[in-house]
Amino acid sequence: MPKSVFISALSLEQRKIVKIILSIPRGRVTSYGQIAARAGLPGRARLVGRLLRIAPDALKLPWHRVLRADGQTAFPAGDPAFDEQLRRLLAEGVEHKNGKIDFARFGWQRDLDEQLWGPR
DNA sequence: CCGATGACTCTGC
DNA sequence: CGCAGAGCCATCG
């Protein structure tokens with residue numbers, strides 16, 4: 001599906017989610033739940049997951065920067081997307097320990113904290 | 001209309 | 001850390 005057609009078919013809530021995902025900084029990660037919360041949709045993480053699932057590649061969303069609340073990818077080990085996501089993250093400096101990313105080090109929220117309270 | 005199904009999350013044991 | 005249960009709710013058969 002063409003990019004513009006897809007976008008125009010989205011609800012206001014979904015467009016908001018798209019904008020938030022696009023604003024995740026390179027080298028940072030966040031969770032489905034956090035995105036939903038930022039979009040004013042607390043408790044609706046599944047909506048974010050569903051959107052990423054149906055979004056055309058043409059949108060070029062940084063889907064790899066979206067993880068589950070426990071710091072792992074939403075894909076099971078062995079799934080091509082599992083390796084792809086970790087590969088993309090490593091490419092931008094986000095490390096993982098056995099498929100688990102530490103939000104304290106790479107979480108998007110940490111950027112906000114540092115801006116408010118300073119490094120360390 | 002109903003039950004099943006998720007790129008989810010939180011609580012409780 | 002693991003697992004079950006319960007919310008969550010748009011989609012689909």
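Throughout, a chain's letter reflects where its sequence line sits, starting with A, and its residues are numbered from 1. Note that the coordinates shown come from a computational prediction; the quantities given were computed from them, not determined experimentally.
Distance, A/Ile17 CD1 to B/dA7 P: 15 Å, rounded to whole Å. Regarding A/Ile21, its CD1 atom lies at a distance of 13 Å from the C1' atom of B/dC8, rounded to whole Å.
Remark: A/Arg15 pairs with no residue by the salt bridge (charged side-chain N to carboxylate O under 4.0 Å, His left out) rule, at least two apart or across chains. Partners of A/Arg46 by salt bridge (charged side-chain N to carboxylate O under 4.0 Å, His left out), not counting sequence neighbours: none found. Under the side chain to side chain donor-acceptor pair (under 3.5 Å) criterion, A/His96 pairs with no residue at all, not counting sequence neighbours. A search for salt bridge (charged side-chain N to carboxylate O under 4.0 Å, His left out) contacts involving A/Asp57 returns nothing, not counting sequence neighbours. A search for side chain to side chain contact (heavy atoms under 4.5 Å, CB included) contacts involving A/Leu22 returns A/Val18, A/Leu61, A/Pro62, not counting sequence neighbours. Remark: A/Glu13 engages no residue in a side chain to side chain donor-acceptor pair (under 3.5 Å) (not counting sequence neighbours). In this structure, the side chain to side chain contact (heavy atoms under 4.5 Å, CB included) partners of A/Ala74, at least two apart in sequence or on a different chain, are A/Tyr32, A/Arg68. By the side chain to side chain donor-acceptor pair (under 3.5 Å) test, A/Gln34 is found to be paired with no residue, residues two or more places apart in sequence or in another chain being considered.
The span of DNA chain C lying next to chain A, judged by atoms under 4.0 Å from heavy atoms, is bounded 5' to 3' by C/dC1 to C/dT11.
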Atom pairs, protein N/O to nucleotides 9-13 of chain B N/O, distance under 3.5 Å:
{"unit_1": "B/dT9", "atom_1": "OP1", "unit_2": "A/Tyr32", "atom_2": "N", "d": "3.3"}
{"unit_1": "B/dT9", "atom_1": "OP1", "unit_2": "A/Gly33", "atom_2": "N", "d": "2.7"}
{"unit_1": "B/dT9", "atom_1": "OP2", "unit_2": "A/Ala69", "atom_2": "N", "d": "2.7"}

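Both A/Arg50 and A/Gly43 lie close to DNA chain C; mapped to their nearest nucleotides by heavy-atom distance, the more 5′-ward contact belongs to A/Gly43. Toward the 5′ end of DNA chain C lies the nearest nucleotide of A/Pro42, the other residue of the pair A/Gln14 and A/Pro42 mapping further downstream.
Within the cation-pi definition used here (under 6.0 Å to the ring centroid, within 45° of the axis), A/Arg38 qualifies as a partner of A/Trp108.
Rounded to whole Å, the P atom of B/dA7 lies 22 Å from the corresponding atom of C/dG7.
Contact annotation for A/Arg53: base contact, defined as any heavy-atom pair under 4.0 Å involving a base atom.
Within a heavy-atom distance below 4.0 Å of DNA chain B, the residues of residues 74-94 of chain A found are A/Ala74, A/Phe75.
Note on residues 72-84 of chain A: pairs passing salt bridge (charged side-chain N to carboxylate O under 4.0 Å, His left out), not counting sequence neighbours, are A/Glu84-A/Arg87, A/Glu84-A/Arg88.
Hydrophobic clustering of Ile, Leu, Val, Met, Phe, Trp and Tyr side chains at less than 4.5 Å, counting indirect connections, unites A/Met1 with A/Leu59.
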